Every structure is written in structure tokens, then in C-alpha cells.
K.L.:
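The structure under discussion is supplied below as C-alpha cells; questions concerning it will follow.
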Amino acid sequence: MTGEGPSPPGRKILIAEEGFSMDEAIEAVKRDDAGAVVAFIGTVRDDGIDSLHLETYKEAAEEELLAIREEALARFGLLEAVVIHRSGRLRIGDEIVIVACSAAHRREAFDGCRYILEELKRRAPIWKKEVGPAGERWLEVGGDPAHDPARGREVP
Amino acid sequence: MTGEGPSPPGRKILIAEEGFSMDEAIEAVKRDDAGAVVAFIGTVRDDGIDSLHLETYKEAAEEELLAIREEALARFGLLEAVVIHRSGRLRIGDEIVIVACSAAHRREAFDGCRYILEELKRRAPIWKKEVGPAGERWLEVGGDPAHDPARGREVP
Amino acid sequence: MLVHIRAFASFREILGKEADLEVGEGSTVGDLLEILVSSHQGLGPAIFEEDGRLREYVIIMKNRERIDSLEGLATVLEEGDEVAILPPVAGG
Amino acid sequence: MLVHIRAFASFREILGKEADLEVGEGSTVGDLLEILVSSHQGLGPAIFEEDGRLREYVIIMKNRERIDSLEGLATVLEEGDEVAILPPVAGG
């Protein structure tokens with residue numbers, strides 16, 4: 001299921017210890033029958049912090065991301081989807097995550113990308129600790145209060 | 001208004017005669033105060049065509065794209081936005097357009113990107129001609145057979 | 001006086017890409033289109049309804065501004081104006 | 001029998017990253033958590049409500065499956081099981 005495609009390292013889902021190439025992730029979802037690619041890139045925002053430490057339950061996170069990806073492919077008619085999430089220590093501006101999706105048309109690509117992102121935040125066992133002048137702080141809530149998982153499950 | 005930023009060629013809006021770098025467009029919208037980047041990439045879908053010819057009223061298209069970009073910055077609180085649209089002859093899989101937006105949070109980045117894309121399709125003086133085995137055909141509305149022209153004319 | 005005409009996509013295939021056209025002082029956009037229609041077969045039905053109104057999806061610009069936001073077909077032309085005739089757009 | 005314990009983020013700071021723990025045959029996830037609570041100060045209030053139920057946002061997994069979809073705290077453990085204790089997630 002994860003071994004069929006091109007880079008990033010031939011995998012659709014990756015918890016990455018190192019930085020990743022946005023171009024490669026986008027190239028990996030392009031297909032001749034797709035007219036639309038939507039990519040979300042989350043970056044470390046300067047909120048007065050020095051760095052962000054990402055901790056993951058790697059095996060469980062990859063399983064969850066694979067499941068979320070499969071759901072999105074089926075529910076939104078995506079043609080391809082790649083998710084890469086960093087772990088480890090990041091600095092301001094570094095990429096945390098990329099969710100890249102392709103579809104025949106733009107609506108599915110937007111909706112599928114957003115679904116994967118919201119479900120990732122809600123379900124994937126990943127944690128963030130902000131490290132700043134005032135000390136360290138675990139961020140405890142990742143989900144968007146406006147996101148309704150039930151609604152997200154419907155094919156639009 | 002267009003000269004302040006980094007590449008692509010220092011401009012936020014571009015009608016490009018040649019292929020463009022997706023990575024450069026995305027890098028151009030990244031900012032330390034942004035936590036989210038959303039990029040839409042439209043590509044030539046294989047609908048049994050040989051090539052797609054893009055014709056633009058370049059000066060008017062750039063003015064319109066600049067206006068749409070300014071609207072999106074103001075309405076969605078985007079921190080940065082770059083739009084590059086190809087003109088000329090394209091083949092299956094080639095990039096037609098990239099709309100890259102950054103914002104503090106993902107919701108604004110998604111909504112702003114989608115707004116720019118829909119307004120571009122509705123308002124920018126750009127036309128597509130499909131060239132295939134059956135001859136040539138101008139696409140007269142939106143280029144997307146699933147797209148409803150009446151709905152497409154409304155501000156989304 | 002001379003005005004500059006530009007046409008795009010399917011209208012370009014009827015009218016040619018661009019041209020300068022001599023029109024009388026005080027001519028309107030409507031006057032200009034009548035001249036073009038009379039000299040280019042197929043243009044009339046392409047841009048006008050049977051009752052003579054401009055088709056809804058046809059865009060005419062004077063100096064890159066839609067004539068809808070000026071005085072429509074009654075918009076008066078001046079020396080050197082650029083008039084563009086645009087079929088429905090299809091970018092993105 | 002030995003079970004493997006993993007803890008993450010704020011719970012890792014209380015429990016340590018991972019450890020093997022000896023528990024009696026037939027022990028449940030609830031039994032295991034009681035042992036951990038009794039030996040790690042601060043863990044009890046972090047994962048349990050005052051009435052002894054697991055806090056809603058705390059996730060316990062056995063072999064990477066949430067105990068919610070097994071038998072909850074009554075889920076029986078076997079030799080070599082991996083039990084993970086997760087605070088609210090915050091990825092993306």
C-alpha cells in the first residue's frame with residue numbers, strides 16, 4: 001500500500017526525522033488524469049518561541065495517517081495523496097507537515113486535503129512542545145473547533 | 001506593489017510564457033508569522049487531448065490578478081499570496097496555474113486560496129484551446145465540464 | 001481618429017489579433033462594433049443577441065476597463081483608445 | 001509476565017519513555033494503570049477523574065489499538081503486549 005509510488009522515499013505516508021522536499025511531495029501526487037493538486041504546508045509560526053519539539057508515537061502515527069489517507073481517497077475521490085509529518089526539533093519557519101492531494105477537479109482536491117489535515121490533527125499521535133524564553137510548554141489541543149468530524153466523513 | 005518580494009522574479013503576479021518552479025512560488029509566500037501555506041496547482045488533465053493552448057490578454061490579466069490578490073489579502077487576512085498563470089502551448093501534466101497563499105492559520109489560507117482561484121477563473125481574461133485528434137476547441141466556460149457556468153459567475 | 005482593436009480566442013479567429021481602425025470623432029464603442037460587424041462575417045451573431053443587445057457573456061474593454069462600468073455601448077472613444085473584444089474567459 | 005509500557009509528551013515526563021513491567025497473569029489495563037499510578041507521583045490526577053474513570057482526552061492503546069474499541073480498562077493483557085499512554089494529540 002505504501003510501496004508503490006515514487007519519492008518521497010517511495011512512501012505515501014512518512015514521519016520524517018529530517019526536513020523534506022515540498023516539490024517532491026507535490027510531484028509524487030501529480031497524475032495525468034488529475035487536473036488539480038492542493039498542498040497544505042504547516043510551518044513553525046513565530047509566536048515568541050525559540051523552537052518547537054515534535055514528539056510522535058511513530059508506528060501508531062503512520063498507521064493512523066495511512067487509515068486517514070485511505071478514507072480520503074475513497075470519500076473524496078482523490079487520485080493520490082501524500083502526507084509527511086516531521087518529528088524532532090524545529091525552528092521558526094521550518095515545515096511541520098505537508099498534505100498533498102490530487103484529483104480530477106479542484107473541489108475534491110481542496111476538500112480531501114482539508115479532511116486529511118483535520119483528521120491528522122484530531123487523531124494522529126503527535127505532540128508539540130514549545131520551547132521559549134518563558135520555558136517549555138506542551139500544546140494540548142490540535143483540533144479545529146469548527147471542524148465537525150461527522151460532517152467531514154460525508155462525501156461532499 | 002509587485003516589486004517588493006522575492007522570486008518568482010520578484011513579482012506576486014505573473015503571466016508566464018515558460019514553466020515555473022512550484023517550490024519558488026511556495027517559498028515566496030512563506031513568512032515567520034505564517035503557520036499555514038496552501039497551494040493550488042492546476043495541471044493539464046489527459047482528456048484525450050494532445051495539447052492545450054493558453055491565450056491571455058496579458059496586461060489586463062495581470063491587472064485583474066493583482067486586484068483579486070489584493071481583495072484576498074484584505075478579506076481573508078492572508079499574509080502573502082503569489083499567482084502564476086501560464087500562457088502558450090502546454091502538454092499533458094504541465095502546470096497551468098499556481099495559487100500559493102500564507103496565513104497565520106490554515107482556515108484563512110484555504111479560504112483565501114480558493115477565493116483567488118475561483119475569481120481568477122471567473123474574471124481573468126485567459127482562454128484555453130484544446131488541441132486533439134478531433135481538432136481544436138475553445139473552452140468557453142471555466143474549462144471544467146463539471147463546472148456550472150451560471151454558478152461560476154456568482155461571487156463565491 | 002485611430003483606435004486600437006484587440007481580439008482574443010475565438011473572436012481573434014474572426015477579427016485577427018489586433019488592428020488600428022479609423023473612426024469618426026465622437027464615435028462610441030457601439031459605432032465601432034457596428035463597423036467591425038459589417039466587415040467581419042460571423043462577428044454579429046457571435047457578440048450580439050437578435051434584439052441588438054450585446055450578449056451577456058461577451059466582454060468589451062476600453063483601455064482595460066469593462067464598458068459595463070463605463071457607459072456601455074454608448075461609451076465615447078478617443079484617439080488612441082484600446083478596445084478589446086473578449087469571449088467568455090476560461091483560465092485556471 | 002512482562003508488558004511493555006510507552007508514554008509520550010507530558011506523560012513521558014512523568015513515566016519515562018518506555019519500560020518493561022512485570023504484572024500478574026490475567027491483569028487488565030486498569031490493573032496496570034493502578035500499578036503505574038501508585039509508583040509515579042502526579043500520574044493519577046493526570047489520567048483519572050476524581051470518580052476513578054479515565055479522563056476523556058487520555059488515550060490508552062494496547063498494541064496500537066485504542067482500548068475504547070477493546071474492553072476499556074477491563075481489557076486483559078498478555079505477555080509482550082505494548083501499552084501506550086497518550087495525552088491529547090496536537091499534530092499538524
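As the structure is a computational prediction, the values presented were derived from the model and not from experiment. So that the names make sense, note that chain A is the first sequence line, chain B the second, and so on, each numbered from 1.
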K.L.:
For a quick test of your reading: what N or O donor-acceptor pairs under 3.5 Å do the side chains of residues 41-50 of chain C make, sequence neighbours left out?
P.N.:
none

K.L.:
Chain B contacts: which residues in residues 59-70 of chain C have a non-hydrogen atom closer than 4.5 Å to it?
P.N.:
C/M61, C/R64, C/R66
K.L.:
Would you list the pairs meeting ring-ring contact (aromatic ring centres under 6.0 Å, His included) in which at least one residue belongs to residues 70-92 of chain C, sequence neighbours left out?
P.N.:
none
K.L.:
Ion pair present between B/E62 and B/R69, side-chain N to carboxylate O less than 4.0 angstrom?
P.N.:
no
K.L.:
Is the B/F76 ring parallel, tilted or perpendicular to the B/Y115 ring (thresholds 30°, 60°)?
P.N.:
tilted
K.L.:
Any sub-3.5 Å donor-acceptor pair from B/R89's side-chain atoms to B/H53's backbone N or O?
P.N.:
no
K.L.:
Top residue by heavy-atom pair count (under 4.5 Å) with chain C, among B/E59, B/H85, B/K129?
P.N.:
B/E59
K.L.:
Please list all pairs meeting side chain to side chain donor-acceptor pair (under 3.5 Å) that have one or both residues in residues 25-36 of chain C, counting only residues at least two apart or in different chains.
P.N.:
C/T28-C/D31
K.L.:
With distance as the sole test, does B/S102 use its side chain to make a donor-acceptor pair with the main-chain N or O of B/K30 at under 3.5 Å?
P.N.:
no
K.L.:
Let me know if C/E82 has heavy atoms under 4.5 Å from chain B in its side chain, its backbone, both or neither.
P.N.:
side chain
